[in-house]
Amino acid sequence: MLNIIADNARRAALFGRRVICLVHSSDPQITFAPVGAKPIAWNDTESSDASRQGT
């Protein structure tokens, strides 16, 4: 599903439009494979495993 959204976002960018996708999970161990040939980045406050696990 995320690959489809990434593909549509690239197409929208060709016409000056923006697409954003926010993914929420309560699983602190969740990982994602690269989407649209780009790695998935955590936001700054959740970048370390310890901060995502609440330790």
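Hydrogens, waters and symmetry mates are skipped; everything else that's a heavy atom, side chains included, is used.
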Legend entry - Shared hydrophobic cluster, Val35 / Val23 (ILVMFWY, side-chain heavy atoms < 4.5 Å): yes
Legend entry - Nearest-0.5 Å distance, CD1 of residue Ile5 to CG of residue Leu22: 10.0 Å
Inset, instruction - Could you tell me whether a side-chain N or O of Arg11 sits under 3.5 Å from a main-chain N or O of Asp7, the two making a donor and an acceptor? - result: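 Looks like no, no N/O pair under 3.5 Å.
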Legend entry - Nearest atoms (heavy-atom pairs only) where Val19 meets Asn8: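 What the structure gives for the nearest pair is CG2-O, 4.5 Å.
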Legend entry - Shortest non-hydrogen separation from Asn3 to Pro34 and the atoms involved: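 Closest heavy-atom pair between Asn3 and Pro34: OD1-O, 4.3 Å.
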